[in-house]
Amino acid sequence: MNPEFSPEFCARLREAFRRTGYDTGGVMAALGPMAHTALGRGEPELAFRASADAGELGTLIRLFLLGGAESEAAVRAALAPLPLEDALGTGLLRGEGDALRAGLDVRPHGDEEGDWWVVSDLDADALGHQVPPEHVLGVGHASLSLLRATLRRPVDTLLDLGTGNGVQALHATRHARRVTATDVSPRALALAQATFLLNELDVELLRGEWFAPVARRRFDQIVCNPPFVVGPARVDYTYRDSGLGGDDASALVVRQLPAFLNEGGVGQLLASWLHVEGEDWADRVSRWLPANTDAWFVQRDVADPGLYVGTWLRDAGIDPRSPEGRAKAAAWLDWFAETKVQGVGFGFVTLRRTGGEQPTIVCEDLRQAYDDPLGPEAGAWLDRVTWLREHGTELLETRFRVPDTVLLERVDAPGDEGWQTTIRRLHRTDGPGWQHEIDEAAAALLAGCRGVLPLSDLLELLAVAHGGSAEELAAAALPMIRELVRHGMVEPV
């Protein structure tokens, strides 16, 4: 049975949380940095000890964050003015002998502007067994990575496709005037509704598969954390499995999303794609795109099939060593082998509906460590693509400068005539930390990019100093300049 939280129930629970200080700041202060860090490592004992002296806040921490069993009297006091009987009736709490435990995961979640509470299901560790098929995830690593990668410019309308517990929509309310959230799972919608009521937010909730609930509608922005797990066409868990085979779920969203954007609108999602023998992954994902769509595919990781299967089995609370785990792993790995899958790519996709302009499509790796969040960089990338589209024929007349955050690294090796430079690498030290290897002529050209002379004059000077014609140098330099502009390593003045 799906929980139903009334507005009155949520108002009383919210009052209890505010009265006890059950928010991100209150929890951090009660636990202290050492216990909080240990809890993040899955080591709760320090947090149990630290919460012992935190009164009613400590009761809520042990109940909802640590999975502890608490006495009826302590829980009744901590949840006041919410009646204990109501908490049991909705499934927020469950009885265990003479004690009480959490029936749902309710935890503080915040950003630089304030706090919320997110309602989800208990994970496998708290349940003590594998999660059920309709399990609704809490705020995990994937959700957080999409939050950090999302563009946060003011918009009128935003769609959160596949909202789950509602966390993407929570953050969307900071910059979108109207937010719509959809999901195929009735349980996910019930818990998302509880999240929105608890936080006094007005979010339109619709049920249905993929884009069906918003047919014939368009939005300024769409965010999506789809069921992107790749493998055989089956549904074991609605939060991760789409029922589509391979990477067809990610392909479906990329293919259909732009049609639901207003012109100039932006869509952002997490996605997975197969690395198939004899096929370039960039060619594969580029074929998913409809016409008139700017696209930036950023590959964050490529997982070995064996590691991939083991990770997702454990995520569901299935021991890969058990008979069930081995059987599931065998079927999954057989499918990978039959499909000639060598790896599973994972990353972020940013899409923009361009109208009639020639689209820009870029697929690139970002597997190195970088400065988060990526959301502002996604916005800047779109701005730079727009600038190149509008001024791409004027590059020779443009004055460029190299930002202060870009450095030139050299690798020298000993030679017959002393140290000789073997590698010249341009390195952006902020944001994604892009790197480009360049030759001696390119290094000399970029040294002159100080915002004073147009590119054509710099090429003339380079031709005099290094030989060759300015036209030949321009043919080699312009593609490089376009790429460096897209990466924010050279900027027009």
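The figures here come from the full heavy-atom set of this structure, side chains too, leaving out hydrogens, waters and symmetry mates.
In this structure, Glu70 does not pair ionically with Arg101, as no charged nitrogen and carboxylate oxygen lie closer than 4.0 Å. A salt bridge links Arg178 to Asp156: at least one charged side-chain nitrogen sits closer than 4.0 Å to a carboxylate oxygen. A salt bridge links Glu377 with Arg428: at least one charged nitrogen is closer than 4.0 Å to a carboxylate oxygen. Ion pairing of Glu279 with Arg284 is present here, as a side-chain N (NZ or NE/NH1/NH2) and a carboxylate O approach within less than 4.0 Å. With salt bridges taken as basic N to acidic carboxylate O contacts below 4.0 Å, none links Arg187 and Glu4. Using a cutoff of 4.0 Å between basic side-chain nitrogens and carboxylate oxygens, Arg367 and Asp301 are not scored as salt-bridged. Salt bridge absent: Arg218 and Glu263 never bring a charged side-chain N and a carboxylate O closer than 4.0 Å.
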Q: Carefully, step by step, assess Val276 and Gln342 under the rule side chain to side chain contact (heavy atoms under 4.5 Å, CB included).
A: CA-CA 6 Å; Val276 179; Gln342 297 178 325; over 6 Å; no
Q. Is there a salt bridge (charged side-chain N to carboxylate O under 4.0 Å, His left out) between Glu200 and Arg18 once you walk through the steps?
A. CA-CA 13 Å; Glu200 300 180 277; Arg18 287 176 173 168; 3.4 Å; yes
Q: Go through Glu204 and Arg217 one step at a time and tell me if the salt bridge (charged side-chain N to carboxylate O under 4.0 Å, His left out) criterion holds.
A: CA-CA 14 Å; Glu204 178 187 27; Arg217 291 175 62 178; 3.1 Å; yes
(Q) Go through it in stages, so that I can follow the logic: the residues are Val230 and Phe346, the test is side chain to side chain contact (heavy atoms under 4.5 Å, CB included), and I'd like the CA-CA distance, side-chain angles, deciding distance and then a yes or no. (A) CA-CA 10 Å; Val230 304; Phe346 169 81; over 6 Å; no
Q.
What verdict does the salt bridge (charged side-chain N to carboxylate O under 4.0 Å, His left out) test give for Asp183 and Arg207, after you've listed the backbone C-alpha separation in whole Å, the side-chain angles of each residue and the deciding distance to 0.1 Å?
A. CA-CA 5 Å; Asp183 209 289; Arg207 181 188 174 192; over 6 Å; no
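Once rounded to the nearest 0.5 Å, the distance linking CG of Leu100 with CD of Glu72 reads 6.0 Å. Note that the CG atom of Leu158 and the NE2 atom of His175 stand 5.0 Å from one another [nearest 0.5 Å]. The CD atom of Gln268 lies 10.0 Å from the CZ atom of Phe348; values are rounded to the nearest 0.5 Å. Residue Phe260 holds its CZ atom at 9.0 Å from CG of Leu159, rounded to the nearest 0.5 Å.
Judged by distance alone, with hydrogens and angles left aside, the side-chain atoms of Asp247 form a donor-acceptor pair with the main-chain N or O of Leu274 at under 3.5 Å.
Between Trp116 and His171, the ring centre distance stays below 6.0 Å.
Side-chain contact, Asp115 with Thr24: a donor N or O sits under 3.5 Å from an acceptor N or O. Between the side chains of Glu134 and Ser185, a donor-acceptor pair is found at a separation under 3.5 Å. Using a 3.5 Å distance cut-off with no hydrogens or angles, the side chains of Trp296 and Glu364 do pair a donor with an acceptor. Between the side chains of Asp365 and Gln299, at least one donor N or O sits under 3.5 Å from an acceptor N or O.
For the pairing with Arg352, the salt bridge (Lys or Arg N to Asp or Glu O under 4.0 Å) check across Asp383, Asp220, Asp294 returns one residue only, Asp294.
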